[in-house]
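The figures that follow rest on heavy atoms only: side chains count, while hydrogens, waters and symmetry mates do not.
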Amino acid sequence: MADRVGVDLENRSKSPCRIRGFLYARISEDPRDRRRGVNRQMSDLRAFAEENGWEVGGEYVENDVSAHSGEDRPEYDRLMADAIEAAREPGVRIIVVGYHPSRVWRRRVERAQAIEDLRHAKCWVAFEAGGLFNMAKASDRSQLANLGESDTAESEVKSERVARAALERAQEGRANGPVAYGWRRQYEYDDRGQVDGFHDVEDPEQAAIVREIVTRLLSGASLIGITADLNRRGVPAPGAGMRLKRRAVGQNAEGTLWNKTSTKKIALRPANVGIRVHQGVEYKAAWPALITDEQYAQLRNLFAERAVVRELPGSRRHLLTWGEVAVCGPCGAVLRVALRGNAKRGKRQPTYVCDANGCVGRNVEALDKHVGEVVVKLLSNPEAADVFRGDDSAALAALERAEGLKARQEAAADDYADGVLTREQLRRITAKLAVQITEAQGEARRLRPAFDLDAFDGLVGPKAGERWKKLEVSQKRRVLDGMGLRVKVFPTARRGPGFDKTTIGLGWAGAGA
């Protein structure tokens with residue numbers, strides 16, 4: 001076979017020339033990255049080129065990469081670019097060499113584009129399994145296209161079969177792929193000892209980490225702080241010990257490090273409350289839930305609000321700056337912190353001041369202490385947890401309405417791209433929906449219940465003061481936001497030492513301060 005291919009190529013060439021083969025090997029699935037398949041392919045391709053007397057111009061390998069799904073194939077792109085560039089050299093015949101047509105192309109669009117590109121470059125295509133095609137000839141291009149069509153049809157039939165099986169698994173609530181972090185897989189065996197199925201059960205250690213992350217987020221802790229603590233304690237991250245094609249920036253070879261993205265994803269997974277999602281549709285999962293529906297709703301609301309107001313809890317350094325909790329009494333502006341005081345008479349102190357006109361100013365330490373005393377007094381009552389606990393359903397419904405309006409915006413943009421809408425129609429629709437989205441997001445924030453004080457272990461009851469002192473600033477602010485406490489700072493009627501509590505107005509959200 002090799003002799004025939006070599007002779008055929010020489011016979012079909014107009015003049016003797018150098019022949020350079022660019023070798024491409026690919027395997028669709030190799031989750032453990034053993035690379036045995038691609039190594040065998042490349043070994044056979046090298047022998048194939050040597051038997052035909054071809055010079056190897058380059059080797060390109062892609063392992064565990066599908067050619068049908070449309071995912072990026074950087075090595076394939078490099079192969080095509082290098083082959084076309086090499087074809088510009090005079091007196092050289094360039095051959096793109098693969099093990100089989102299906103190893104190089106699966107999608108008809110990609111194959112058609114490659115045939116056209118290779119036609120202009122006057123390249124050849126050869127397969128170790130058989131076949132030599134001159135892309136400068138229409139008959140060879142047609143043969144290659146027809147040969148590849150059967151590969152495409154095979155992939156599409158397989159894809160449809162896989163999709164149907166995936167839908168069936170989702171409808172039954174079964175997991176798809178490896179077991180998720182927080183659970184472990186138990187296999188079921190038939191009478192012959194062969195695997196007959198499986199079900200996922202809670203993994204005690206991993207489930208405890210999931211609940212810890214959720215509880216700490218609900219208590220106002222930052223993603224960065226939680227992530228750093230998990231890494232400091234040496235808690236293995238999801239995927240630790242697995243060989244993956246890609247690692248996040250900063251991840252070690254063992255994959256044991258957490259990052260804030262993975263921490264957030266673990267917390268916000270619908271799987272945590274026993275929901276299986278398939279193509280945007282939710283199904284009841286067959287595995288046990290790790291957190292409550294209330295916790296999940298509160299967490300979604302929390303991150304939705306942060307996305308709107310652009311708040312980063314980890315960057316908060318002062319309890320009462322910015323936001324709705326504390327404002328200037330005379331003008332209603334937010335407070336910021338600045339150094340105030342007479343440097344000649346004493347040290348300049350951090351001071352809450354009106355951000356707009358400087359109407360008021362209060363010592364940061366003194367005002368924080370006063371607000372803390374008020375909070376501790378309220379939370380020392382064991383019934384406080386019931387007073388400040390609310391229902392998330394209304395806020396969540398408003399948030400889902402906002403997401404639905406966003407989807408309509410995107411659909412309108414697609415209609416404009418397809419020529420269904422004019423530019424003016426798109427502008428009007430987008431503007432109108434933007435107003436409705438803003439209103440829905442505002443309603444979600446207004447309807448958001450206080451929060452669940454259970455996330456703050458020991459904060460309610462006789463030890464409230466001790467627990468309050470141990471909270472981070474971001475967590476204390478979370479408590480103030482959740483309780484709905486509102487503070488107004490008014491000008492002092494006198495000058496002199498001491499903190500005048502009578503100039504601090506206290507109230508509740510929705511009732512005025």
Side-chain angles (χ1 to χ4, degrees), residues 173 180-183 200-227 229-230 235 238 258 260-277 282-308 311 313-314 379 382-400 402-403 444-461 467 471-472 474-484:
Y181 185 86
W183 297 270
D200 294 339
V201 298
E202 181 179 313
D203 182 289
E205 292 184 5
Q206 295 181 358
I209 296 299
V210 174
R211 294 189 180 102
E212 177 189 340
I213 291 172
V214 170
T215 301
R216 293 177 66 175
L217 286 171
L218 291 177
S219 72
S222 68
L223 280 170
I224 293 177
I226 295 172
T227 302
D229 183 55
L230 291 172
V235 177
W258 293 78
K260 66 176 184 179
T261 300
S262 61
T263 304
K264 180 179 178 181
K265 286 182 178 180
I266 286 293
L268 291 176
R269 296 176 305 176
N272 290 342
V273 286
I275 295 177
R276 167 81 152 85
V277 180
E282 295 182 351
Y283 301 92
K284 180 177 176 54
W287 55 79
L290 302 183
I291 62 175
T292 67
D293 291 337
E294 290 76 15
Q295 287 176 310
Y296 183 62
Q298 290 163 7
L299 207 56
R300 287 186 59 184
N301 281 346
L302 176 64
F303 278 98
E305 181 174 347
R306 287 181 184 177
V308 174
E311 181 181 355
L379 297 182
E383 298 179 358
D386 294 328
V387 173
F388 295 113
R389 182 180 289 118
D391 182 6
D392 267 310
S393 58
L396 188 58
L399 183 62
E400 291 177 345
E403 293 300 319
R445 293 196 301 275
R446 289 192 301 272
L447 293 175
R448 194 192 71 173
F451 63 120
D452 189 355
L453 279 170
D454 292 340
F456 299 85
D457 184 32
L459 187 58
V460 177
R467 183 73 174 91
L471 294 181
E472 299 174 1
S474 60
Q475 293 178 301
K476 291 180 178 180
R477 178 57 174 256
R478 172 73 173 141
V479 173
L480 299 184
D481 282 328
M483 294 176 66

Asker: So which atom in Asn272 and which in Ala267 form the shortest heavy-atom distance, rounded to 0.1 Å?
Answerer: ND2-O, 3.2 Å
Asker: Indicate yes or no: at least one non-hydrogen side-chain atom of Arg467 is less than 4.5 angstrom from one of Leu379.
Answerer: no
Asker: With side-chain contact (heavy atoms from CB on, under 4.5 Å) as the criterion, how do Val210 and Arg269 come out once you've worked through the C-alpha distance, each side chain's angles and the decisive distance to 0.1 Å?
Answerer: CA-CA 10 Å; Val210 174; Arg269 296 176 305 176; 3.8 Å; yes
Asker: Determine the minimum heavy-atom distance between Ala289 and Gly274, stating which atoms define it.
Answerer: CB-N, 3.9 Å
Asker: Dump the intermediate steps for side-chain contact (heavy atoms from CB on, under 4.5 Å) on Gln295 and Thr215, then the final yes or no.
Answerer: CA-CA 8 Å; Gln295 287 176 310; Thr215 301; 4.3 Å; yes
Asker: Would you please name every residue forming a side-chain contact (heavy atoms from CB on, under 4.5 Å) with Lys260, sequence neighbours left out?
Answerer: Leu223, Ile224, Thr227
Asker: Rounded to the nearest 0.5 Å, what's the gap from CG on Leu299 to CG on Leu268? Could you check?
Answerer: 5.0 Å
Asker: Using the test side-chain contact (heavy atoms from CB on, under 4.5 Å), find all partners of Asp200 that sit at least two apart in sequence or belong to another chain.
Answerer: Ala175, Val179, Trp183, Arg185, Phe198, Trp287
Asker: Do you know which two heavy atoms are closest between Ile213 and Ile226, and how far apart they sit?
Answerer: O-CD1, 4.1 Å
Asker: Checking Tyr181 now: which residues fulfil ring pair (Phe, Tyr, Trp, His ring centres under 6.0 Å) with it, not counting sequence neighbours?
Answerer: Trp258
Asker: At what distance, to the nearest 0.5 angstrom, does NZ of Lys264 lie from CG of Leu217?
Answerer: 10.0 Å
Asker: Only counting residues at least two apart or in another chain, list the ones meeting side-chain hydrogen bond (donor to acceptor under 3.5 Å, both in side chains) with Arg276.
Answerer: none
Asker: Just to verify, what does Glu202 make a side-chain contact (heavy atoms from CB on, under 4.5 Å) with, not counting sequence neighbours?
Answerer: Ala207, Arg211, Pro288, Leu290
Asker: Is there a side-chain contact between Asp481 and Arg477 in this structure, where contact means two heavy atoms from C-beta onward sitting under 4.5 Å apart?
Answerer: yes
Asker: Can you tell me how far the OG atom of Ser219 sits from the CD atom of Glu472, to the nearest 0.5 Å?
Answerer: 8.0 Å
Asker: What heavy-atom pair brings Ser474 and Ala221 nearest, and what distance separates the two atoms?
Answerer: OG-CA, 4.3 Å
Asker: State whether the number of non-hydrogen atoms from other residues, nucleotides or ligands found under 6.0 Å of Glu212 atom CD is greater than 12.
Answerer: yes
Asker: Taking only residues two or more places apart in sequence or in another chain, which ones pass salt bridge (Lys or Arg N to Asp or Glu O under 4.0 Å) with Asp293?
Answerer: none
Asker: Have a look at Ile209 and tell me which of Asp203, Val214, Thr263, Leu230 forms a side chain to side chain contact (heavy atoms under 4.5 Å, CB included) with it.
Answerer: Leu230
